[in-house]
Amino acid sequence: MPEHPTAGDGEPFDQTARDAVYRAIFSRRDVRSHFLPDPLDDAVLARLLIAAHHAPSVGYMQPWNFIVIRDNLRRQQVRDLFLAAREQELPNIAEERQALYRKLKLEGICESALNLCITCDRRRSENSPLGRWHNPQMDLYSTVCAVQNFWLAARAEGVGVGWVSILETQALRELLQIPEHAVPVAYLCVGRVSEFAPRPDLEARGWAKRLKLSDLIMSETFSGAGEAALKEIVDRTA
């Protein structure tokens, strides 16, 4: 990270810098299985949090907070919440996929160096409706941008991140003493890893595959036909 990062001029990054940005994007993984027992240096964590804090936010509301969770007992309690929520989710999975679902590794809560809960403080912009008057969810969306900034910066630092979404919100609120005006948006497992898998775990295990981007591009209206040249380039580049 530059000592004094600035926006700079309107020129594109040089090729090396562009390659690094795209490498972080394409090699980022939702890590569950490859965490090492090594601690994470606070200087590295600080850089990741600074990156998250510089995410775009509608109305410059900056609605995020970051709860760092290191205590082993608390993390075990979170894992117990995950196991309970997973059992609640299982009956809603198609019967023919339940066996595969049970085999999937979906968290690294206790194996990672630390956990991080990123919340959205919905009171932070209550006196400034800029950007939220017609779309009141924009504070939540802004917080997700902070999650993505953190995740990409982590990949650049060689740090793995896994998002644990199988958690019952109210139970997590009570465990972490999160007030009602704050929404837990992301519960992350964070730490050094032995590897970043060449493909997403769920793809490698046969749960799903990446959709074809050209099938998702529309022209002018939803399902609008067109943009053939763009789609051709996308397919060729991908």
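Computed over heavy atoms, backbone and side chain alike; hydrogens, waters and symmetry mates excluded.
Within the 4.5 Å cutoff, side-chain heavy atoms of Ile118 are placed close to those of Thr143. Side-chain contact between Val144 and Val185 is present, with heavy atoms from C-beta onward closer than 4.5 Å. With contacts defined as side-chain heavy-atom distances shorter than 4.5 Å, the pair Asn115/Val190 does not qualify. Using a 4.5 Å heavy-atom threshold, the side chains of Pro200 and Asp30 count as separate. No side-chain heavy atom of Ile233 sits under 4.5 Å from any side-chain heavy atom of Glu227. Between Lys212 and Asp235 there is a side-chain heavy-atom pair separated by less than 4.5 Å.
Considering all non-hydrogen atoms of both residues, Ala113 and Leu40 come closest at CB-N, 3.9 Å. Taking both residues in full, the closest heavy atoms of Ile109 and Phe82 are given as CD1-CB, 4.0 Å, listed atom of the first, atom of the second, then distance. Residues Phe13 and Arg18 approach most closely at O-NH1, 2.5 Å, considering heavy atoms. In plain terms, the two heavy atoms of Val31 and Gly160 that are nearest each other are CG2-CA, 3.9 Å. Nearest heavy-atom pair, Pro63 versus Ser57, reported as atom, atom and distance to 0.1 Å: CD-CB, 4.2 Å. The minimum heavy-atom distance linking Met218 with Ser223 is given by the pair SD-N, 3.0 Å.
Annotation for Gln15: atom CD counts as buried by contact number, over 12 foreign heavy atoms lying within 6.0 Å. Taking a 6.0 Å sphere around OH of Tyr60, one finds it holds 12 or fewer heavy atoms contributed by other residues, nucleotides or ligands. Arg236 CZ: more than 12 foreign heavy atoms inside a 6.0 Å radius. Heavy atoms from other residues, nucleotides or ligands lying under 6.0 Å from CZ of Arg123 number 12 at most.
Between Glu111 and Arg75, none of the side-chain N atoms (NZ, or NE/NH1/NH2) sits under 4.0 Å from a carboxylate O, so this pair counts as no salt bridge. Salt-bridge formation is not detected for the pair Asp38/Arg192: no Lys NZ or Arg NE/NH1/NH2 atom is positioned less than 4.0 Å from an Asp or Glu carboxylate oxygen. Salt bridge annotation for Glu107-Arg79: present, with a cationic side-chain nitrogen under 4.0 angstrom from a carboxylate oxygen. Ion pairing of Arg210 with Glu203 is absent here, as no side-chain N (NZ or NE/NH1/NH2) approaches a carboxylate O to less than 4.0 Å.
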Can you check side-chain contact (heavy atoms from CB on, under 4.5 Å) on Leu116 and Ile67, steps first, answer last?
-> CA-CA 6 Å; Leu116 183 72; Ile67 306 173; 5.8 Å; no
Given Cys189 and Val164, is the side-chain contact (heavy atoms from CB on, under 4.5 Å) satisfied, shown in steps?
-> CA-CA 7 Å; Cys189 308; Val164 183; 3.6 Å; yes
Can you list the steps and then say if Thr119 with Val183 is a side-chain contact (heavy atoms from CB on, under 4.5 Å)?
-> CA-CA 5 Å; Thr119 68; Val183 177; over 6 Å; no
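Without hydrogens or angle criteria, Asn135 side chain to Met138 main chain gives no donor-acceptor distance under 3.5 Å. Under a 3.5 Å cut-off, the side chain of Gln98 and the backbone N or O of Glu96 do not form any donor-acceptor pair. The backbone N or O of Pro198 lies less than 3.5 Å from a partner atom in the side chain of Arg29, making a donor-acceptor pair. Counting only distance, with no hydrogens or angles, the side chain of Arg124 and the backbone of Gln62 share a donor-acceptor pair below 3.5 Å. Side-chain N or O atoms of Ser142 include one that pairs as donor or acceptor with a backbone N or O of Val58 at under 3.5 Å. Judged by distance alone, with hydrogens and angles left aside, the side-chain atoms of Glu168 form a donor-acceptor pair with the main-chain N or O of Gln170 at under 3.5 Å. Between the side chain of Arg173 and the main chain of Ala182, a donor-acceptor pair closer than 3.5 Å is present. One N or O on the side chain of Asn149 and one on the backbone of Ala51 form a donor-acceptor pair closer than 3.5 Å. A side-chain donor-acceptor contact under 3.5 Å links Lys231 to the backbone of Gly226.
Ile50 and Phe66 sit in two unconnected hydrophobic clusters of ILVMFWY residues. Membership requires side-chain heavy atoms under 4.5 Å apart, directly or through other members. Both Leu176 and Leu81 belong to a single network of hydrophobic side chains, linked directly or stepwise wherever heavy atoms of I, L, V, M, F, W or Y lie under 4.5 Å apart. Val147 and Ile25 fall into different hydrophobic clusters, where Ile, Leu, Val, Met, Phe, Trp and Tyr residues are linked whenever their side-chain heavy atoms come under 4.5 Å apart, directly or through other members. When the side chains of ILVMFWY residues are joined at heavy-atom separations under 4.5 Å, either directly or via intervening members, Phe150 and Leu114 end up in a single hydrophobic cluster. Taken together through direct or relayed side-chain contacts under 4.5 Å among Ile, Leu, Val, Met, Phe, Trp and Tyr, Leu73 and Ile69 form parts of separate hydrophobic clusters.
There is no side-chain donor-acceptor pair under 3.5 Å between Gln77 and Arg74. No side-chain donor-acceptor contact under 3.5 Å links Gln76 and Asn72.
From Trp64, atom CH2 reaches atom NE2 of His53 across 7.0 Å, with rounding to the nearest 0.5 Å. Taking OG of Ser112 as the start and CG of Leu36 as the end, the distance is 11.0 Å to the nearest 0.5 Å. The distance from the CH2 atom of Trp207 to the CD1 atom of Ile93 is 4.5 Å, given to the nearest 0.5 Å. Atom CD1 of Ile217 sits about 4.0 Å away from atom CG of Leu213, to the nearest 0.5 Å. Distance CZ/Arg155 to CG/Leu48: 12.5 Å, rounded to 0.5 Å. Note that the OH atom of Tyr187 and the CG atom of Leu167 stand 7.5 Å from one another [nearest 0.5 Å].
Under a cutoff of 6.0 Å and an axis angle of 45°, Arg86 and Tyr101 form a cation-pi pair.
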